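Have a look at the structure below, then the notes.
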Amino acid sequence: METQSPTTGLFSRRARLASGQPIGRLMALALNYPSILSLAAGFVDNATLPCEAVRASMEQLGKDPQRLRKSLQYDSAAGSAAFRTALVDWGYRGSLETKPAADRVILTAGSNQFLHLLAEALIDPGDIVIAAAPTYFVFLGTVRGVDGRVVGVRADQDGLCMDSLEEALDRIATAGHAPRLKAIYSVTDFDNPAGSCLSLVRRQRLLEIVARWRKEHGPLLIISDNAYQQIRFDGTELPPLSALDREAANYVIDLGTFSKSFSPGIRVGWGVVPEAMVERLLEMKSNMDFGSPHFSQVLMCEALVSGEVDRHLPEIQTGYRVKRDAMLSALEQQLGDLPGVHWRKPQGGLYVWLSLPEGIDTSEHGELWQRATQSGVLYVPGSYCYPTEGEAIRTNTMRLSFGVQSSEGITEGIGRLAIAIRSVMDAINGH
Ligand code: PMP
């Protein structure tokens, strides 16, 4: 007889759709087994968390008892008005002509909450989002959690490939699914997981393609997730998508977060949305929590306006550049001679995307995962990052993060990984 669990029949369909999501498990492994060197977690570096900047901001806040008292109270669903104004002044310094009005900004508890809000607001079961293959795997879970579909398009070192995007759009239109397509999701700068940055030419092409689709088929949004925008090490800054077209205010949603550039513990993120979407999103957010933590917003506002955020940025840019270089040179030393092993040099962000020879399965069911965890190193299996439709899933890939470990930890971790990879390759080659 089938055993009944005390929760049989209790959970909603949506709760069941969350089953098997990998992020919680990977984060728990990293936190619970400190002897495992995690190159998986997208955590930021403990050593560069802005303790001094936060202390100074708290002190400033403490000097203004009225402001402090107000910060300890609820605020609006959109979040602190003063902070939203400061945020657009800061975030759009380089693109004043397209600077959005502050009332198009909604503050959230990290930009993940914004992604969740968007998924809830846009997606009915069966609706479609297009994303790069690979893309941010938490977002894949978010869309899956509302019973949406994600169609993957090819991506390379310059981000989403426009020919592959056009093919996917044609297929969707030919299948009669145009009204179901809601958005194209792009991690525009220093993508998670592939480290790529959408080139200027492709930014312009993307806007043209979407403008054409909107004329022919109706509304379509671009969700430009700029979580890593400030973590640039090399090359010149590129304009955000929203700054490249005056019309963009009607269909580009810019997402940002201070989790990577300042502190994920404070957890403040935001979205800049088309004016016509603000009211509905705020109604939904009111149902959710009627406003994200106000104290975090006031603290972040102080850190932003007093210049603490800008003073902190060079420190983390330098710190992560050094650690990226440590990872690249360890990869070169440990795996550079292996045929079929490739990686890219990211110009920013926290990740290196590694491809192994065809046939090596990096998934949690594969031999490599077993050997890597036994030798005390964790990575994110690439297959988590692929949408289930469109571009084929490449199971011989992995995401490596240089965010959390020190340079020494990274070198040691890549050493352990290389031993595991070599032993699996030897086993396959019959040595
Ligand atoms: N988008 C991307 C691409 C990310 O990698 C992350 C963090 N891993 C986020 C959004 C959101 O982070 P948070 O919710 O902490 O702002």
Side-chain angles (χ1 to χ4, degrees), residues 21-27 30-31 38-45 49-50 79 83 87 91 105-119 129 131-143 145 150 152 155 159-160 183-198 222-232 240-241 253-272 285 288-289 292-293 296-297 299-300 304 309 316 320 346 348-353 379-380 382 384-387 399-404:
Q21 57 69 35
I23 181 72
R25 200 170 56 251
L26 286 173
M27 286 178 77
L31 289 168
S38 178
L39 301 177
F43 289 9
V44 298
D45 191 335
L49 286 172
F83 186 30
L87 198 52
V105 179
I106 298 174
L107 300 175
T108 45
S111 53
N112 269 301
Q113 193 195 29
F114 207 96
L115 288 171
H116 188 79
L117 180 63
L118 283 176
V129 175
T135 191
Y136 178 37
F137 64 98
V138 176
F139 181 65
L140 292 175
T142 304
V143 176
V150 183
L160 280 176
I184 298 172
Y185 173 70
S186 149
V187 185
T188 309
D189 289 336
F190 324 121
D191 180 31
N192 174 2
S196 55
C197 191
L198 192 66
I222 298 176
I223 302 171
S224 180
D225 183 338
N226 304 320
Y228 299 92
Q229 191 179 23
Q230 289 84 26
I231 322 281
R232 177 182 277 283
L241 285 166
I253 297 180
D254 268 338
L255 297 195
T257 176
F258 287 109
S259 283
K260 309 296 172 182
S261 55
F262 200 70
S263 155
I266 300 177
R267 207 80 196 272
V268 169
W270 68 93
V272 182
K285 187 156 169 50
M288 212 181 244
D289 63 2
S292 295
S296 287
Q297 296 168 6
L299 184 62
M300 249 349 284
L304 192 67
V309 172
I316 57 170
Y320 289 131
L350 299 182
Y351 309 105
V352 171
W353 183 245
Y379 58 83
V380 172
Y384 290 158
C385 308
Y386 281 86
R399 187 193 82 175
L400 298 170
S401 168
F402 47 86
V404 70

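We count ligands from 1, going down the list as the structure has it; atoms in each ligand are counted the same way. By convention here, the first residue in the shown sequence is residue 1. Values reported hereafter were calculated over all heavy atoms of this structure, with side chains retained and with hydrogens, waters and symmetry mates removed. All figures in this text were calculated on a predicted structure; none of them were measured in a lab.
- Within ligand 1, the atoms closer than 4.0 Å to a non-hydrogen atom of Lys260 are 7 (C), 8 (N), numbered from 1 in the order shown.
- Where the criterion is an N or O separation shorter than 3.5 Å, residue side chain and backbone included, Asn192 meets it with respect to ligand 1.
- Looking at Gln113 next to ligand 1, no N or O pair under 3.5 Å apart turns up.
- Looking at atom 1 (N) of ligand 1, its nearest protein heavy atom turns out to be Asp225 OD2, 2.6 Å.
- Ranking the protein heavy atoms by distance from atom 6 (C) of ligand 1 puts Tyr136 OH, 3.3 Å first.
- Remark: Asp289 pairs with Gln113, Lys285, Ser292 by the side-chain contact (heavy atoms from CB on, under 4.5 Å) rule, at least two apart or across chains.
- In this structure a side-chain-to-backbone donor-acceptor pair under 3.5 Å is present from Arg399 to Ala40.
- Those atoms of ligand 1 with a heavy atom of Arg267 less than 4.0 angstrom away are 13 (P), 14 (O), 15 (O).
- In this structure, Phe139 and Tyr185 have parallel ring planes: the angle between them is below the 30° cut-off, well short of the 60° mark.
- Atom 12 (O) of ligand 1 has its closest protein heavy atom at Asn112 ND2, 3.5 Å.
- For atom 5 (O) of ligand 1, the choice among Tyr228, Phe258, Phe114 with the nearest heavy atom turns out to be Tyr228.
- For ligand 1, the atoms lying closer than 4.0 Å to a non-hydrogen atom of Thr257 are 13 (P), 16 (O).
- For the pair Gln230 and Ile316, the minimum side-chain heavy-atom distance is 4.5 Å or more.
- For the pair Pro240 and Thr188, the minimum side-chain heavy-atom distance is 4.5 Å or more.
- Rounded to the nearest 0.5 Å, atoms OG (Ser261) and CG (Leu304) are 9.5 Å apart.
- Phe262 approaches Pro50 most closely through the heavy-atom pair O-CD, 3.1 Å.
- Those atoms of ligand 1 with a heavy atom of Ala227 less than 4.0 angstrom away are 1 (N), 2 (C), 10 (C).
- The nearest protein atom to atom 15 (O) of ligand 1, hydrogens excluded, is given as Ser259 OG, 2.6 Å; this is a heavy-atom distance.
- For ligand 1, the atoms closer than 4.0 angstrom to any heavy atom of Gly110 are 13 (P), 14 (O), 16 (O).
- Ligand 1 is approached by Ser111 to a heavy-atom distance shorter than 4.0 Å.
- Nearest approach of Gln229 to Phe190, heavy atoms of both residues: O-CE1, 4.0 Å.
- Atom CZ in Phe114 sits 13.0 Å away from atom OG1 in Thr142 (nearest 0.5 Å).
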